[in-house]
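First comes the structure, then the notes that go with it.
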Amino acid sequence: MLKRRVVTKQELDGILERLADEINRDLEGKDPVFVGVLKGAVYFFTALTQRLTRSVAVDFIQVSSYGASTSSSGMVTLIKDLTVDIAGKDVYVVEDIVDTGITLVDVLALIAARHPRSLKVVALLSKPSRRKREVPVDFVGMEIPDVFVVGFGLDFAEQFRNLPEIWEFAMEEGG
Ligand code: 5GP
């Protein structure tokens with residue numbers, strides 16, 4: 001069930017505005033490719049990239065996710081690869097949330113193997129208290145405590161992604 005709102009529409013707009021400002025400044029002199037990590041980052045990815053003041057290339061990558069469980073299995077497999085050649089490009093990986101960091105470490109390794117000129121990470125949310133792997137996050141929307149959230153792209157068993165705000169999700173009592 002949806003317990004409480006963690007990030008409102010208004011807060012999301014503020015976060016997107018600030019991140020776009022920071023990234024717009026960072027884009028000077030770059031040859032950028034924005035890589036969204038499917039499916040959770042899609043809503044964040046489109047909202048963010050539309051706020052950039054110049055044209056950028058976009059692509060997507062999909063790796064295995066939690067499925068219907070709320071804890072990570074610790075192994076990531078590639079489901080959908082990039083289609084753009086990122087060699088020599090400035091890659092910005094766009095993630096929905098960095099939790100243990102395990103997914104991001106693996107995604108960054110996959111991307112680094114294609115020899116981008118530079119590699120940066122943009123994450124809408126981060127749960128620093130849950131980190132198991134040290135991973136660089138260059139642009140963070142908001143740090144949140146150790147709660148499971150849904151909405152604005154984030155799912156529980158493929159549901160709730162289309163909610164316009166971010167909610168704490170809790171399993172029903174006894175189920
Ligand atoms: P990590 O590998 O950092 O533990 O987990 C990263 C992935 O787990 C995220 O991209 C996201 O798909 C999923 N995840 C982690 N925390 C949450 C959460 O609170 N809510 C949802 N819906 N997914 C999460």
Side-chain angles (χ1 to χ4, degrees), residues 1-9 11-12 14-16 19 23 33-49 58-82 86 91-114 116 119-173 175:
M1 58 173 227
L2 302 177
K3 254 176 84 177
R4 81 185 165 91
R5 243 180 337 193
V6 178
V7 194
T8 65
K9 179 85 184 64
E11 286 172 322
L12 277 169
I15 288 167
L16 287 161
L19 287 177
I23 296 166
V33 182
F34 279 70
V35 174
V37 183
L38 297 173
K39 302 177 205 171
V42 163
Y43 290 75
F44 174 49
F45 185 91
T46 57
L48 179 72
T49 52
V58 304
D59 202 358
F60 296 95
I61 195 168
Q62 186 171 12
V63 295
S64 62
S65 67
Y66 289 13
S69 156
T70 57
S71 65
S72 176
S73 60
M75 276 299 288
V76 160
T77 51
L78 185 63
I79 296 170
K80 187 224 165 283
D81 204 346
L82 300 172
I86 60 164
V91 172
Y92 294 78
V93 173
V94 181
E95 257 284 23
D96 51 0
I97 186 165
V98 184
D99 184 25
T100 62
I102 291 167
T103 306
L104 190 52
V105 164
D106 287 4
V107 167
L108 291 179
L110 280 167
I111 292 176
R114 280 52 179 303
L119 184 49
K120 288 193 175 178
V121 175
V122 189
L124 174 59
L125 300 174
S126 173
K127 294 185 206 169
S129 69
R130 294 257 310 160
R131 210 71 94 241
K132 287 191 181 135
R133 302 269 199 93
E134 206 177 306
V135 63
V137 185
D138 303 275
F139 305 94
V140 183
M142 191 182 189
E143 292 192 344
I144 62 166
D146 181 12
V147 293
F148 191 81
V149 289
V150 298
F152 204 66
L154 290 152
D155 77 312
F156 174 73
E158 293 302 332
Q159 295 297 312
F160 308 113
R161 290 194 199 275
N162 59 310
L163 297 181
E165 299 181 296
I166 296 175
W167 292 76
E168 179 178 351
F169 178 84
M171 294 278 220
E172 302 281 357
E173 293 287 321

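As the structure lists them, so they are numbered: ligands from 1, and atoms in each ligand from 1.
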For residues 41-48, tabulate all N or O donor-acceptor pairs below 3.5 Å that involve a side-chain atom, not counting sequence neighbours.
| from | atom 1 | to | atom 2 | distance (Å) |
| --- | --- | --- | --- | --- |
| T46 | OG1 | V42 | O | 3.3 |
| T46 | OG1 | Y43 | O | 3.2 |

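Listed by atom number, the atoms of ligand 1 under 4.0 Å from T100 heavy atoms are 1 (P), 2 (O), 3 (O), 4 (O). Listed by number with element, the atoms of ligand 1 under 4.0 angstrom from any heavy atom of E95 are 10 (O). In summary, the atoms of ligand 1 found under 4.0 Å from a heavy atom of D155, numbered by their order in the structure, are 21 (C), 22 (N). Set against the non-hydrogen atoms of D96, the atoms of ligand 1 under 4.0 Å away are 9 (C), 10 (O), 11 (C), 12 (O). Interface of K127 with ligand 1, defined as ligand atoms under 4.0 Å from a residue heavy atom, comprises 16 (N), 17 (C), 18 (C), 19 (O). Atoms of ligand 1 lying under 4.0 Å from any heavy atom of L154, numbered from 1 in the order shown and given with element: 21 (C), 22 (N), 23 (N). Ligand 1 places these atoms under 4.0 Å from at least one heavy atom of T103: 1 (P), 2 (O), 5 (O), 6 (C), 7 (C). Proximity to I102 (heavy-atom distance under 4.0 Å) selects the following atoms of ligand 1: 2 (O), 3 (O).
Here R130 has no heavy atoms under 4.0 Å from ligand 1, in either its backbone or its side chain. Residue contacts with ligand 1, taken as heavy atom pairs separated by less than 4.0 Å, do not involve K132 at all.
Any N or O atom pair closer than 3.5 Å counts here, and L104 shares no such pair with ligand 1. Among the atoms of V150, none of the N or O lies under 3.5 angstrom from an N or O of ligand 1.
At least one heavy atom of F148 sits less than 4.0 Å from an atom of ligand 1. The closest approach between a heavy atom of V147 and any atom of ligand 1 is below 4.0 Å. Using a 4.0 angstrom heavy-atom cutoff, G40 does not count as in contact with ligand 1.
Between R161 and E158, at least one side-chain N (NZ, or NE/NH1/NH2) sits under 4.0 Å from a carboxylate O, which counts as a salt bridge.
The main-chain N or O of T103 is never found under 3.5 Å from a side-chain atom of R133 such that the two would form a donor-acceptor pair. Side-chain N or O atoms of K9 include none that pairs as donor or acceptor with a backbone N or O of P164 at under 3.5 Å. A distance-only check finds a donor-acceptor pair linking the side chain of D138 to the backbone of V121 [under 3.5 Å].
Here the CG-CZ distance, from L2 to F160, works out to 5.0 Å after rounding to the nearest 0.5 Å. Note that the CG atom of L38 and the CD1 atom of I61 stand 9.0 Å from one another [nearest 0.5 Å]. Atom CD1 in I166 sits 5.0 Å away from atom CG in L12 (nearest 0.5 Å). Considering OG1 of T77 and CD of Q62, their distance stands at 9.5 Å, rounded to 0.5 Å.
The environment of K3 atom NZ is sparse: at most 12 non-hydrogen atoms of other residues, nucleotides or ligands sit within 6.0 angstrom.
Of all the listed residues (A157, G151, A41, G101), G101 holds the heavy atom that lies closest to atom 3 (O) of ligand 1.
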